[in-house]
Novice: 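Can you read through this structure? Questions will come right after.
Lettering of chains follows the sequences in order, A, B, ..., and the numbering in each one begins at 1. Model, not experiment: these values are computed from the prediction.
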There are 2 protein chains.
Amino acid sequence: MIRLGKMTDYGLLVMSQIARSSKAELHTARDLAIKCRVPLPTVSKLLKTLLQSGLLASHRGIRGGYSLVREPHLISVAEVVSALEGPLALTECSTNVAGLCDLEPSCPIRDNQRIINQVVRGALEKVMLSDLIRPMSLAAIRDNRGNLVQVSLAPGRMQ
Amino acid sequence: MIRLGKMTDYGLLVMSQIARSSKAELHTARDLAIKCRVPLPTVSKLLKTLLQSGLLASHRGIRGGYSLVREPHLISVAEVVSALEGPLALTECSTNVAGLCDLEPSCPIRDNQRIINQVVRGALEKVMLSDLIRPMSLAAIRDNRGNLVQVSLAPGRMQ
DNA sequence: TCTAAATAGGACTGAATTAGTACACATTCA
DNA sequence: TGAATGTGTACTAATTCAGTCCTATTTAGA
């Protein structure tokens, strides 16, 4: 249905792992790799990216490690996804300077993308990291007003 | 931010093109290719896929062509995207039979995916094809109750 | 009944992207 | 000073995707 790269999956996994402990606690790349069962170099790469995006803080040197810069309920899935998928152009045309695209000035693709992006982004902004750290029991997310909304996890076509 | 393949973009474009005329009218692959400025073989491929997904009906032979099976306001973007992106496993693990994944039984990746998919799908189900066929002026989509909701198309980081 | 126009289906290829690895360097603390 | 840890860059292998081509089938009309 919607394609999140493997890296993004791992990233969410790593972030939730960090989110499970107290905010101040430091986690080394090695520890996270073991706990998440993801190869160390890959975790390391992820952590660097998340650091650069300002979602993590790092301490170097022996006894170093990574920690969240905010509480889990203040970090949205949208932020993590944005960080890892990059400021992504949906297709090359989104990055065109005006005039390059021969469908200009009323490029319908571009409009479609804008609409869809807006909708999807809005949806992901409502899911917070704290919603992901209860592995088995989540059945609701927060709506715009912070109220819990039922999420149907009914069996069925999952795409 | 979210990656829809080029094919999906084209697909939405083609679908909206068909949706612009009356439901009964037939459109040949050639016509659609010209109007959408997408290569004919590509359009042809798209149409076949959309046909198999039950979103289009076809008439063979000379004077043949494709038409929508439902009114544009009854076809959601989610349906078109599902049809074109395939019954997509977000990562390989979504298709595993139980036991293959060593993170079982409480695979957090899987749960994350389920949550995110649910949220995104819900969002895309609210955008109908008819919302895409007003290229320049769309500023609102329908919410769960069918009311128009403002969509902020403010300039800014578009991911 | 023949022909042209159109869909149907599958095989193939080149290119782009991504996941993952490796290595050299920098920093911190005991 | 040395060990543990993060930082940054470059590279490679694998996968996926977009796009093309070819051939069969169906239909309408001359």
Novice: How long is the straight-line distance from CE of A/Met7 back to CG of A/Leu46, given to the nearest 0.5 Å?
Specialist: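 It is 4.5 Å, given to the nearest 0.5 Å.
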Novice: In whole Å, what is the span from the CD atom of B/Gln52 to the P atom of C/dT7?
Specialist: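 Those two atoms, CD and P, are 14 Å apart.
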Novice: At under 4.0 Å between heavy atoms, which parts of nucleotides 20-30 of chain C does protein reach? Answer with one letter per nucleotide, 5' to 3': B base, S sugar-phosphate only, - none.
Specialist: BB----SBBB-
Novice: From CG of A/Leu13 over to C1' of C/dA19, roughly how many Å is that when rounded to an integer?
Specialist: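 My rounded result for the distance is 16 Å.
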Novice: Measure across A/Ala78 and A/Arg121 and return the closest heavy-atom pair with its distance rounded to 0.1 Å.
Specialist: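 Taking every non-hydrogen atom into account, CB-O, 4.4 Å.
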Novice: Given atom CG of A/Leu26 and atom P of D/dT5, what is their separation to the nearest angstrom?
Specialist: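 Atom CG in A/Leu26 sits about 11 Å away from atom P in D/dT5.
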Novice: What distance separates A/Thr8 OG1 from A/Glu85 CD, expressed to the nearest 0.5 Å?
Specialist: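 The distance works out to 3.5 Å.
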Novice: Taking only residues two or more places apart in sequence, or in another chain, which ones meet B/Pro39 in a side chain to side chain contact (heavy atoms under 4.5 Å, CB included)?
Specialist: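 Checked B/Pro39 against side chain to side chain contact (heavy atoms under 4.5 Å, CB included); matches are B/Pro41, B/Thr42.
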Novice: Between D/dT27 atom P and B/Tyr66 atom OH, what is the distance in whole Å?
Specialist: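 After rounding, the gap between these two atoms is 14 Å.
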Novice: Verify the contact: side-chain N or O of A/Ser44 to OP1 or OP2 of D/dT7, cut-off strictly under 4.0 Å; return yes or no.
Specialist: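 Indeed not, no polar side-chain atom of A/Ser44 lies that close.
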Novice: From CD1 of B/Ile34 over to C1' of C/dA6, roughly how many Å is that when rounded to an integer?
Specialist: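 Going from CD1 in B/Ile34 over to C1' in C/dA6 covers 14 Å.
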Novice: Closer than 4.0 Å, any side-chain N/O of A/Thr28 to the OP1 or OP2 of D/dA4?
Specialist: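 A/Thr28 to D/dA4 OP1/OP2: no side-chain N or O under 4.0 Å.
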Novice: Exactly one of A/Leu12, A/Val127, A/Val120 should register a side chain to side chain contact (heavy atoms under 4.5 Å, CB included) with B/Ile116. Which one does?
Specialist: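 Only one option passes, and that is A/Leu12.
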Novice: To the nearest angstrom, how far is B/Leu46 atom CG from D/dG19 atom C1'?
Specialist: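 It works out to 11 Å between those atoms.
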Novice: Do B/Met15 and B/Leu68 make a side-chain contact, defined as non-hydrogen atoms from C-beta onward lying under 4.5 Å apart?
Specialist: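 SC-SC contact between B/Met15 and B/Leu68 confirmed.
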Novice: Whole-Å distance between D/dC17 C1' and B/Leu84 CG?
Specialist: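 The answer, rounded to whole Å, is 13 Å.
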Novice: For side-chain contact (heavy atoms from CB on, under 4.5 Å), just list the numbers for A/Leu55 and A/Arg70, CA-CA rounded to whole Å, side-chain angles, deciding distance to a tenth of an Å, and then say yes or no.
Specialist: CA-CA 8 Å; A/Leu55 294 174; A/Arg70 274 177 276 151; 3.7 Å; yes
Novice: Nearest-Å distance, CG (A/Leu50) to P (D/dG6)?
Specialist: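 Whole-Å distance recorded here is 14 Å.
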Novice: Just checking A/Leu47: base, sugar-phosphate only, or nothing, at a heavy-atom cut-off of under 4.0 Å?
Specialist: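 Nothing: the residue A/Leu47, judged by heavy atoms under 4.0 Å, touches no strand.
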